[in-house]
Amino acid sequence: MDGQEAVCLPKLSRVAVCGGTHGNELSGVYLVKELMKGRKEEDNESGSQPVLVLSNPRATQRCLRYTEVDLNRCFSRDSLNSPVLDIAPYEVLRSRELDALLGPKGSPYSVDLVCDLHNTTSNMGLCLIAYSDSDWISMHIFKHLQRCMPDAPMRYINFDLPQDESYSLDSVGKHGFAMEIGPQPHGVVRSNIYTAMKCGVQHMLDWIHLFNSGRVFEGGFVDVFTLVKHLDYPRDCSTHDIIAAIHPQLQDRDFCLLNPGDPLFQTFSGETMPYNGTESLYPFFINECAYYEKGIALSLSRLRRVKIPAVCATSERHAVIVT
């Protein structure tokens, strides 16, 4: 039998679970608050438990996505290193506080893993959103969630950006991803969505414990949806108002292949506007409520299968797993 040598990676000694980066995405808000209940001070000091963070307390208190600017767009290298004044938007100041707490980004002192909890109004199930399709830690956690939650629709999304340009809170850690679950209206918590997030976080923490304890995890394959582009709604040339909605045949069909000529939008006068791209792609974040302000009606991705190696925590001897 052929032996497959495992890639040895540093242990995940410091892990952060963050909720409320968007203050109206309530599954993460209430899950972090629940995890904070009964937390023993000695657990925090020993590092045996994850760092728990309510990322945007002002927005959370007011049940708003953000108070001045989108906190989850404030963590690129340029944003974090640009001069800042006391009159800067609250979220810009808060991003510096979070970078000091969990980072600094790109430094040896940053936490080993950031899991940032989000909800979407789109019908996306449970997704891990990362910036790379070669982060073996994040991809192995995804495989573990797939095994432990076989009935949950689950996808891995790659935004494919270098670390300097990655702009969300999860990019502050050495490894990181957003755990995005929907559909759930903003400002609302649904029990089934909350429960899926809670299970996902617990299985993630279980995997980290096993990894740190010396378990060797077999390699395999992960289906990865890599972002290609965003599409805006059709708009009136003079007013810039939208003139169409997502077509009924596309609504709620996230990750279903969209082919050239398929219905894409339906104008408010009832006409169908087809997808006029030259390539069949997979849509996601279809009709996401929070993206109207960003000029995004949906995002399009390519699907490919990525082979990932076996992994284990670093030790003096290299581990080998027999397959």
Side-chain angles (χ1 to χ4, degrees), residues 6-18 21 50 72-81 95 98-99 102-118 120 124-146 154-181 200-201 203-205 207-208 211 217-230 255 281-282 284-285 299-314:
V7 174
C8 296
L9 300 169
K11 290 183 178 181
L12 304 174
S13 301
R14 291 184 66 217
V15 174
V17 177
C18 306
T21 300
N72 215 37
R73 301 298 184 271
C74 292
F75 294 94
S76 69
R77 190 66 61 87
D78 286 346
S79 295
L80 290 172
N81 292 335
S95 70
L98 292 168
D99 186 54
L102 304 177
K105 177 175 178 173
S107 78
Y109 308 104
S110 60
V111 297
D112 297 304
L113 175 72
V114 176
C115 172
D116 194 25
L117 305 175
H118 289 265
T120 174
M124 288 170 53
L126 190 159
C127 298
L128 298 193
I129 303 177
Y131 289 100
S132 170
D133 62 0
S134 58
D135 182 343
W136 309 137
I137 292 291
S138 297
M139 300 179 84
H140 267 279
I141 289 173
F142 178 76
K143 274 176 55 67
H144 183 70
L145 296 185
Q146 284 184 309
M154 199 173 301
R155 286 94 177 185
Y156 189 96
I157 300 173
N158 168 30
F159 275 6
D160 195 23
L161 285 176
Q163 187 184 39
D164 283 358
E165 298 176 29
S166 54
Y167 48 77
S168 54
L169 174 57
D170 51 276
S171 69
V172 172
K174 296 182 181 72
H175 306 275
F177 51 80
M179 183 180 292
E180 184 95 46
I181 307 184
V201 169
H203 289 311
M204 175 195 73
L205 295 175
W207 185 91
I208 291 168
F211 174 78
F217 290 91
E218 295 183 8
F221 293 89
V222 173
D223 290 335
V224 175
F225 293 86
T226 299
L227 174 68
V228 175
K229 60 182 177 180
H230 305 296
F255 301 106
L281 295 170
Y282 293 86
F284 64 99
F285 278 129
S299 301
L300 293 173
S301 62
R302 293 190 186 98
L303 174 62
R304 73 185 187 97
R305 178 157 286 189
V306 176
K307 186 176 182 178
I308 65 173
V311 297
C312 65
T314 304

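These figures come from a predicted structure and were not determined experimentally. Residue numbers count from 1 along this sequence.
- Between the side chains of Tyr131 and Ser168, at least one donor-acceptor pair of N or O atoms lies under 3.5 Å.
- Here the CD1-SG distance, from Ile141 to Cys115, works out to 8.0 Å after rounding to the nearest 0.5 Å.
- Looking only at distances, no side-chain donor or acceptor of Ser76 sits under 3.5 Å from a matching main-chain atom of Asp164.
- Tested against Val222, the residues Ile308, Asn158, Asp133 include a single side chain to side chain contact (heavy atoms under 4.5 Å, CB included) partner, Ile308.
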_Leu227/Ile157 under side chain to side chain contact (heavy atoms under 4.5 Å, CB included): CA gap, chis, key distance, verdict_ = CA-CA 7 Å; Leu227 174 68; Ile157 300 173; 5.5 Å; no

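- Across Tyr156 and Ser138, no two heavy atoms sit closer than the pair OH-CB, 3.8 Å.
- Here the OG1 atom belonging to Thr314 is positioned 6.0 Å from the CG atom belonging to Leu9, to the nearest 0.5 angstrom.
- Taken to the nearest 0.5 Å, the CE atom of Met139 stands 13.0 Å off from the NZ atom of Lys307.
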*asked:* Could you walk me through whether Phe217 and Trp136 satisfy the side chain to side chain contact (heavy atoms under 4.5 Å, CB included) test, starting with their C-alpha distance in whole Å, then the side-chain angles of each, then the deciding distance to 0.1 Å, before giving a yes or no?
replied: CA-CA 11 Å; Phe217 290 91; Trp136 309 137; over 6 Å; no

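- A 4.5 Å side-chain heavy-atom check between Ile129 and His118 finds every atom pair outside the cut-off.
- With respect to the salt-bridge test (charged N to carboxylate O, under 4.0 angstrom), the residues Arg14 and Asp112 do not qualify.
- In this structure, the side chain of Ser166 does not engage the main chain of Leu161 through any donor-acceptor pair within 3.5 Å.
- Results of the side chain to side chain contact (heavy atoms under 4.5 Å, CB included) test with Leu117 over Asp170, Val17, Thr21 single out Val17 as the only residue that passes.
- You'll find the side chain of Ile208 reaches within 4.5 Å of the side chain of Leu113, heavy atoms only.
- Nearest heavy atoms, Phe177 versus Met204: CZ-SD, 3.6 Å.
- In this structure, Asp160 CG and Ser132 OG are separated by 8.0 Å, a value rounded to the nearest 0.5 Å.
- At least one side-chain heavy atom of Ser95 sits under 4.5 Å from a side-chain heavy atom of Leu80.
- Here the closest heavy-atom approach between residue Lys11 and residue Ala313 is recorded as CG-CB, 3.7 Å.
- Val114 and Cys18 get closest at one heavy-atom pair: CG1-SG, 4.1 Å.
- Classified by interplanar angle (parallel below 30°, tilted 30° to 60°, perpendicular above 60°), the ring pair His140/Trp207 is parallel.
- Contact detail for Met154 and Gln146: the closest heavy-atom pair is SD-N, 3.6 Å.
- Scored by the side chain to side chain donor-acceptor pair (under 3.5 Å) test, His175 finds Asp135 as partners (sequence neighbours excluded).
- Rounding to the nearest 0.5 Å gives a distance of 9.0 Å between CD1 of Ile181 and CG of Leu128.
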_Checking Arg302 against Leu281 for the side chain to side chain contact (heavy atoms under 4.5 Å, CB included) test, could you report, in this order, the C-alpha distance in whole Å, the side-chain angles of both residues, the deciding distance, and whether it holds?_
CA-CA 6 Å; Arg302 293 190 186 98; Leu281 295 170; 3.5 Å; yes

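- Shown are Phe142, Phe255, Phe285, Phe284; of these, the ring-ring contact (aromatic ring centres under 6.0 Å, His included) with Phe225 is made only by Phe255.
- Counting heavy atoms from C-beta outward, His203 and His144 have side chains that approach closer than 4.5 Å.
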*For Ile137 and Leu12, what are the C-alpha separation, side-chain angles and deciding distance, and is it a side chain to side chain contact (heavy atoms under 4.5 Å, CB included)?*
CA-CA 9 Å; Ile137 292 291; Leu12 304 174; 3.9 Å; yes

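- Closest approach of Asn72 and Leu169 over heavy atoms only: OD1-N, 3.1 Å.
- Side-chain atoms of Lys105 do not come within 3.5 Å of backbone N or O of Asp99 as any donor-acceptor pair.
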